[in-house]
Structures are given as C-alpha cells and as structure tokens.
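Please read the structure below before turning to the comments.
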Amino acid sequence: VLDIGCNDGTKTIEWFSNEAVSKVIGLEYNEELAKEAQKLYGNNRFSFHFMDVEASDFSDQMKALMKEKEIECFDVIYMSLVLMHLSDIRHVLGVIRSFLKEDGQIVIVEGNDENSTLVPDKKGLLPEFLHILREDKYSGNRDVGKEIIDLLKETGFENIHIWHESISAGAEEKEKKKDIFKTFFSYLPEDVELLLEEEPECEEYQEWEKWLDHNYKKLRRLIVQGNSSISMGVKILSCMKGEK
C-alpha cells in the first residue's frame with residue numbers, strides 16, 4: 001500500500017493494520033509530520049517518508065525508495081483530501097499511475113461541498129462556513145470532488161466506482177457528529193490565525209475571525225445537538241489503470 005498524504009501516520013496505522021497488508025509506505029510533504037510518523041509507527045511493515053508529489057524529482061525519489069523496499073508496484077494507492085491541494089492534478093495522477101500494478105486499485109477521497117447539508121440550520125451557518133472555506137487559500141480546491149471522474153478518465157484510469165458521495169450522521173449519532181466536526185471544521189480557525197499572521201491588516205481575514213468568534217461554537221452545538229442531521233460532501237471512489 002502507498003498512502004499519499006499520511007500526515008502523522010495515525011490514520012495509516014488505523015486503516016492498514018490488517019494481516020492482508022504486508023507493507024505500507026506513507027508519504028507526507030510536511031517534513032516534521034513525516035518524521036513524527038516514522039518515530040511513532042515506523043517498523044518492518046510501516047515506513048513513513050518526507051516527499052512532495054509535485055516535486056520535479058518525485059518520480060526518481062519514488063523509484064529509489066521502491067527499489068530500497070523491494071517493491072515493484074503497489075496493489076493499492078490511497079489518497080485522502082490530497083488532490084485538492086495540488087497545482088497540477090493531471091500530472092500527479094499520471095506519475096502515480098506508473099507505480100500502480102496492472103490489476104491494482106487507486107482509492108481517492110475528495111471533498112464536494114455542494115453535497116453538504118445541515119438540518120436544522122435556520123441561520124445558514126453551514127453555507128457561510130463553506131463560503132469562507134472556498135476563499136481560504138489553505139483549504140484547497142473545493143470542486144475537485146465534482147471534477148475527479150473526468151480527471152481520472154483523462155489520465156488513463158478506468159473501472160471507476162463511486163462508493164460514497166457524502167459522510168452523514170443523524171440525530172442519535174452524537175459521537176459520529178463530533179468526529180465529523182473535528183474532521184471537517186476544526187482546521188478553519190487555524191487557517192485564519194495563520195492568514196492574519198501573514199496579513200494582519202487584511203479586512204477580509206479580520207471579518208472571518210469575527211465570524212468564527214461569533215459563530216464557530218454555535219455551529220458546533222448545532223451539529224452535535226440531538227435533533228440535528230449533517231451530511232458532508234465527500235466523494236469516495238476507486239479505479240484501476242487503463243490501457244493508456
């Protein structure tokens with residue numbers, strides 16, 4: 001398994017600690033996170049490496065790593081919320097395709113905000129939150145989930161299967177709603193703080209900070225409360241390399 005965008009390795013271990021998986025390579029473009037993952041979880045089965053898939057020498061780095069690990073090709077390549085942060089998705093998909101076995105699977109998770117809903121939400125807090133995300137330069141391209149099928153076809157993938165269009169939680173699923181909030185909502189305050197450090201005089205960023213001060217906790221309570229139902233647009237799909 002090749003896990004691209006493995007962060008600190010915690011999810012990689014959670015998802016791929018299975019007897020059927022013999023070896024896992026995790027890649028992370030944040031060097032500190034890659035080092036932390038290797039320190040915490042690195043062993044004979046799992047190894048974590050600092051690598052940027054958009055670097056000009058990424059392909060050569062991967063070939064060298066695969067040779068070192070005695071891996072000819074990968075059975076599974078997994079990417080969760082990675083493509084939305086890339087500047088040239090088609091190029092990266094083309095490069096990654098070369099590391100996949102002929103009968104291997106690439107599994108992709110990408111956001112698609114147009115499928116996100118929250119009920120009740122009389123004041124429209126979720127749409128307002130999503131609007132800020134669209135303008136936040138650190139939150140990535142929010143439309144990749146909508147475009148991913150065409151991108152995969154253009155870069156030579158086939159047998160595309162959509163498993164889910166959203167992740168949802170109903171009224172009685174309080175713990176799942178907490179997890180959804182942590183996954184999809186927790187990073188915006190960090191982004192705004194960073195943006196204000198970079199441009200403290202930016203009025204738009206100041207307005208985002210005010211909005212979060214007034215509405216972030218309200219939004220969390222609204223999502224977690226007993227009578228709410230939330231659905232966050234997330235396209236989960238798999239595909240195989242074609243003849244291209």
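In what follows, residues are counted from 1 in the order of the sequence shown.
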Are Ile149 and Ile96 in one and the same hydrophobic cluster, where Ile, Leu, Val, Met, Phe, Trp and Tyr link if side-chain heavy atoms are under 4.5 Å apart?
yes

Taking Lys39 first and then Glu32, would you say they form a salt bridge - that is, a charged N and a carboxylate O separated by under 4.0 Å?
no

Please examine the side chains of Tyr205 and Glu199, heavy atoms only from C-beta on, and report whether any two atoms are closer than 4.5 Å.
yes

Which of these passes side chain to side chain contact (heavy atoms under 4.5 Å, CB included) with Ile180: Ile230, Ile223, Val224?
Ile230

Between Glu173 (side chain only) and Gly170 (backbone N and O only), is there a donor and an acceptor less than 3.5 Å apart?
yes

Candidate pair Gln105 and Asp75, rule side chain to side chain contact (heavy atoms under 4.5 Å, CB included), full reasoning
CA-CA 6 Å; Gln105 297 270 349; Asp75 296 286; over 6 Å; no

For Glu172, I'd like to know if atom CD has over 12 heavy atoms of other residues, nucleotides or ligands within 6.0 Å.
no

Neighbour count above 12 (heavy atom, 6.0 Å) for Lys182 NZ
no

Salt bridge flag under 4.0 Å for residues Lys235 and Glu110:
no

Are Phe16 and Tyr78, when compared by the centres of their aromatic rings, separated by less than 6.0 Å?
yes

Phe58-Tyr29 aromatic ring centre distance below 6.0 Å
no

Under 6.0 Å from the CG atom of Asn44, do we count more than 12 heavy atoms belonging to anything else shown?
no

Test side chain to side chain contact (heavy atoms under 4.5 Å, CB included) on Gln38 and Phe50; report intermediate values, then the result.
CA-CA 10 Å; Gln38 182 62 22; Phe50 165 56; over 6 Å; no

Please say yes or no: joined through hydrophobic side-chain contacts below 4.5 Å, possibly via intermediate residues, are Phe181 and Val119 part of one cluster?
no

Which atom of Met240 lies closest to which atom of Glu102, heavy atoms considered:
CE-O, 4.1 Å

Residue pair Cys73 / Lys101: nearest heavy atoms and the distance that separates them
CB-CG, 3.4 Å

Any Leu219 side-chain heavy atom under 4.5 Å of Leu118 side chain:
yes

Counting N and O atoms only, with roles assigned by atom type, does the side chain of Arg45 sit under 3.5 Å from a partner on the main chain of Gly42, one being a donor and the other an acceptor?
no

Heavy-atom check, side chain of Val234 versus side chain of Asn112, under 4.5 Å:
no

Measure from the side-chain N and O atoms of Lys177 to the backbone N and O of Ser228, and report whether any donor-acceptor pair falls under 3.5 Å.
yes

Is it true that atom NZ of Lys174 has more than 12 heavy atoms of other residues, nucleotides or ligands lying nearer than 6.0 Å?
no

When you measure from the side chain of Ser116 to the backbone of Gly233, do you find a donor-acceptor pair of N or O atoms at a distance under 3.5 Å?
yes

Scan side-chain atoms only and decide if Ser166 and Asn115 contain a donor-acceptor pair under the 3.5 Å cut-off.
no

Sub-4.5 Å side-chain heavy-atom contact between Phe129 and Trp211
yes

In this structure, CG of Leu2 is separated from CG of Leu27 (nearest 0.5 Å) by 5.0 Å

Evaluate the criterion side chain to side chain contact (heavy atoms under 4.5 Å, CB included) for residue pair Val192 and Tyr216; output intermediate values, then yes/no.
CA-CA 12 Å; Val192 172; Tyr216 186 72; over 6 Å; no

Report yes or no: does Asp57 contribute a side-chain atom to a donor-acceptor pair with the main-chain N or O of Asp60 at less than 3.5 Å?
no

Working for side chain to side chain contact (heavy atoms under 4.5 Å, CB included), residues Glu198 and Lys137:
CA-CA 12 Å; Glu198 295 173 349; Lys137 67 180 181 180; 3.3 Å; yes

Within the side chain of Gln206, is there an N or O that forms a donor-acceptor pair under 3.5 Å with the backbone of Pro200?
yes

Salt-bridge present (Lys241, Asp103; N to O < 4.0 Å):
no

Separation between CD (Glu209) and NE2 (His214), nearest 0.5 Å, reads 11.0 Å

Between Met62 and His49, is there a side-chain heavy-atom distance shorter than 4.5 Å?
no

Straight-line distance of Leu194 CG to Leu196 CG, nearest 0.5 Å:
9.0 Å

What about Val107 and Ile13, same hydrophobic cluster or not, with Ile/Leu/Val/Met/Phe/Trp/Tyr joined at side-chain heavy-atom distances under 4.5 Å?
yes

Is a donor on one side and an acceptor on the other found under 3.5 Å between the side chain of Glu54 and the backbone of Asp88?
yes

Decide yes or no for Val1 and Trp15: does some side-chain heavy atom of the first lie under 4.5 Å from some side-chain heavy atom of the second?
no

Value rounded to 0.5 Å, distance of CZ in Phe48 from CG in Asp3
7.5 Å

To the nearest 0.5 Å, what is the distance between OG on Ser139 and CE on Met84?
6.0 Å

More than 12 heavy atoms of other groups within 6.0 Å of Glu14 CD:
yes

Please tell me whether Leu188 and Phe185 are part of a single hydrophobic cluster in this structure, the criterion being side-chain heavy atoms less than 4.5 Å apart.
yes

Could you tell me the separation between the SG atom of Cys239 and the CG atom of Leu100, rounded to the nearest 0.5 Å?
8.0 Å

Determine, using the 4.5 Å side-chain heavy-atom cutoff (strictly less than), whether Ile4 and Leu33 are members of one ILVMFWY cluster.
no

Quick one, Leu65 and Ile25 - any side-chain contact, counting heavy atoms below 4.5 Å?
yes

So with a 6.0 Å cut-off around CD of Glu203, is the heavy-atom count from everything else above 12?
no

Between Asp143 and Lys146, does any NZ, NE, NH1 or NH2 come within less than 4.0 Å of an OD or OE carboxylate oxygen?
yes

Compare all side-chain heavy atoms of Thr10 with those of Tyr41 and state whether any distance is below 4.5 angstrom.
yes

Can any side-chain N or O of Glu28 pair as donor or acceptor with the backbone N or O of Asn30 at less than 3.5 Å?
yes

